[in-house]
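Following: one structure in structure tokens, then a few remarks.
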Amino acid sequence: MRSAASSEIEWPNDVASARAIQEALRSQVVREDRLGPVNTVAGVDVGFEDRGRTTRAAVAVLAFPGLEPLAQAISRSPTRFPYVPGYLSFRELPAVLGALDQLAERPDLILCDGQGLAHPRRFGLACHLGVLTDIPCIGVAKSRLVGRHDELPPDKGQWVPLRDKGETIGAVLRTRTRVSPVYVSIGHRVNLAAAIDFTLRCTTRYRLPETTRYAHRLASGLSEKGVSNRY
DNA sequence: GCGACAG
DNA sequence: ATCTTGTCGC
């Protein structure tokens, strides 16, 4: 899919200009449901290698709701922005877009590693990815960046709002009974209720959704056999 | 001023 | 994110 070539984007080299980009793009995040039929769901996993010198992103596309693997791609590129809390997207997005470009088809929905609106300026990685590609996107993070919340009941499926500065910015969601929760937030074109629902429907027996988990395993080295990078 | 801080 | 020992529960 060629909708957001990373090479055609001007990437910032410092936090001040990165912040200006966030402030300029944050109004483009669509917080309501604007989804077509969801037949394919992609999971995006980000991370780094070589003590941070190389950034890597993996994407796995699964059928929905059956979650059968359909396609996968991985992209590595030299790190061009350091990890600074609140600015993760400037470090990871070039690799993420590179991985998405390897796919033959645009996924109908993306579950992205990291935060969406649950971000100091309401423009986390999942929002940035959603705005640049205009693909419906949900942020699924393994730990908290900002926000406070009440104690979370132990049963699978239960959730409590994540709040910051008087507004709900996401949900703390139990994807497995008595297992540490994940942090779900709007990325783009999906409301919070739908984001929670999709996250649960993509989660089977592990803490993380199969989409994200599949991408993570791909990035960790052990790819699945018999799955090509096209449908 | 001090702690907190997605991956 | 990554590293690593000890502990707990099924």
Side-chain angles (χ1 to χ4, degrees), chain A residues 6 11-12 15 18-19 21-22 25-26 29 42-60 74-100 110-132 137-149 154-156 162-165 168-173 175-188 192 195 199 205-209 211-222:
Chain A
S6 58
W11 296 105
V15 168
R19 184 177 185 124
I21 291 171
Q22 291 179 333
L25 295 181
R26 53 182 287 181
V29 172
V44 166
D45 178 74
V46 298
F48 57 80
E49 298 171 355
D50 308 325
R51 290 177 301 179
R53 278 170 292 178
T54 300
T55 294
R56 108 166 115 53
V59 54
I74 188 162
S75 169
R76 279 170 237 266
S77 56
T79 301
R80 38 184 129 188
F81 199 91
Y83 171 66
V84 181
Y87 300 89
L88 179 65
S89 65
F90 297 97
R91 169 186 171 137
E92 306 292 350
L93 267 183
V96 173
L97 297 178
L100 286 173
I110 295 175
L111 300 197
C112 182
D113 217 8
Q115 312 288 357
L117 284 183
H119 175 277
R121 287 165 297 284
R122 310 292 181 260
F123 198 70
L125 173 60
C127 295
H128 203 157
L129 175 61
V131 165
L132 291 189
C137 203
I138 298 167
V140 182
K142 298 180 288 297
S143 62
R144 184 193 62 90
L145 175 59
V146 292
R148 298 162 43 81
H149 62 88
D155 292 340
K156 172 175 180 169
L162 179 66
R163 293 186 286 271
D164 185 45
K165 297 175 179 171
T168 295
I169 59 173
V172 188
L173 174 66
T175 52
R176 284 197 68 185
T177 298
R178 276 185 292 277
V179 168
S180 44
V182 298
Y183 299 78
V184 177
S185 58
I186 292 172
H188 188 52
L192 184 56
T199 300
R205 45 211 251 225
Y206 304 98
R207 179 192 178 207
L208 296 178
T211 46
T212 308
R213 205 173 161 276
Y214 195 103
H216 194 319
R217 284 195 302 171
L218 173 63
S220 302
L222 293 173

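Here is how names work: the chains are called A, B, and so on, in the same order as the sequence lines, proteins then strands, and each is numbered from 1. Note that these values count all heavy atoms, side chains included, but never hydrogens, waters or copies made by symmetry.
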Notebook entry, point to check: Counting distance only, does the side-chain N/O of A/E92 pair as donor-acceptor with the main-chain N or O of A/D45 below 3.5 Å?
Noted result: no

Margin query: A side-chain contact here means heavy atoms from C-beta on lying under 4.5 Å apart; do A/P120 and A/L145 qualify?
Written below: yes

Next item on the list: Check every strand shown and say whether A/Y87 touches a base, only sugar-phosphate, or nothing at a heavy-atom separation below 4.0 Å.
Entry: base

Notebook entry, point to check: Heavy atoms under 4.0 Å, any strand shown: does A/G86 hit a base, just sugar-phosphate, or nothing?
Noted result: base

Margin query: Please give me every residue in residues 118-127 of chain A whose heavy atoms get under 4.0 Å of an atom in DNA chain B, ordered by residue number.
Written below: A/H119, A/G124, A/L125

Which pairs, protein N/O on one side and nucleotides 7-10 of chain C N/O on the other, fall under 3.5 Å?
none

Next item on the list: Using only heavy-atom distances, determine whether the side chains of A/T212 and A/H216 contain a donor-acceptor pair under 3.5 Å.
Entry: no

Next item on the list: Heavy atoms only: give me the nearest A/L218-A/A58 pair and the separation to one decimal.
Entry: CD2-CB, 4.0 Å

Check: Salt bridge between A/D113 and A/K142, side-chain N to carboxylate O under 4.0 Å?
Finding: yes

Notebook entry, point to check: Which string of ( ) [ ] | and . matches DNA chain B, if you list each base 5' to 3' and count Watson-Crick or G-U pairs only when both distances are under 3.5 Å?
Noted result: .......

Notebook entry, point to check: Is there a donor-acceptor contact under 3.5 Å from the side chain of A/Q22 to the main chain of A/G86?
Noted result: yes

Next item on the list: Any chance you could encode DNA chain C as dot-bracket? Rule is Watson-Crick or G-U wobble with both distances under 3.5 Å; [ ] for pairs crossing earlier ones, | for another strand.
Entry: ..........

Notebook entry, point to check: Does A/T79 reach the main-chain N or O of A/G52 with its side chain, forming a donor-acceptor pair under 3.5 Å?
Noted result: yes

Notebook entry, point to check: Between A/S89 and A/G124, is there a donor-acceptor pair closer than 3.5 Å when you use the side chain of the first and the backbone of the second?
Noted result: no

Notebook entry, point to check: Atom CG in A/L162, atom CG in A/L173: separation rounded to 0.5 Å?
Noted result: 12.0 Å

Note to self: Exactly one of A/V29, A/L129, A/L111 should register a side-chain contact (heavy atoms from CB on, under 4.5 Å) with A/C137. Which one does?
What the structure shows: A/L129

Check: First and last nucleotide of DNA chain B touching chain A, 5' to 3', heavy-atom cut-off 4.0 Å?
Finding: B/dA4 to B/dG7

Check: Going through the checks in order, is the side chain to side chain contact (heavy atoms under 4.5 Å, CB included) test met by A/L125 and A/L93?
Finding: CA-CA 8 Å; A/L125 173 60; A/L93 267 183; 3.9 Å; yes

Item checked: Evaluation steps, side chain to side chain contact (heavy atoms under 4.5 Å, CB included), between A/F81 and A/Y87 -> CA-CA 9 Å; A/F81 199 91; A/Y87 300 89; 3.9 Å; yes

Next item on the list: Look at the rings of A/H128 and A/F90 and say which category their plane angle falls in: under 30° parallel, 30 to 60° tilted, over 60° perpendicular.
Entry: perpendicular

Notebook entry, point to check: Any donor-acceptor pair under 3.5 Å linking the side chain of A/R207 with the backbone of A/S180?
Noted result: yes

Item checked: Flag side-chain contact, heavy atom, 4.5 Å: A/R163 against A/R148 -> no

Report all interatomic pairs (protein N or O, nucleotide N or O of nucleotides 1-3 of chain C) with separations under 3.5 Å.
| from | atom 1 | to | atom 2 | distance (Å) |
| --- | --- | --- | --- | --- |
| C/dA1 | OP2 | A/K142 | NZ | 3.1 |

Item checked: Check against side chain to side chain contact (heavy atoms under 4.5 Å, CB included), A/F123 and A/I21 -> CA-CA 10 Å; A/F123 198 70; A/I21 291 171; 5.6 Å; no

Item checked: Gap between atom CZ of A/R122 and atom CD1 of A/I169 - 0.5 Å precision -> 5.0 Å

Item checked: Sugar-phosphate, base or nothing in reach of A/R51, heavy atoms under 4.0 Å -> nothing

Notebook entry, point to check: Quick check: does any side chain N or O of A/S185 sit under 3.5 Å from a backbone N or O of A/G116, one acting as donor and the other as acceptor?
Noted result: yes

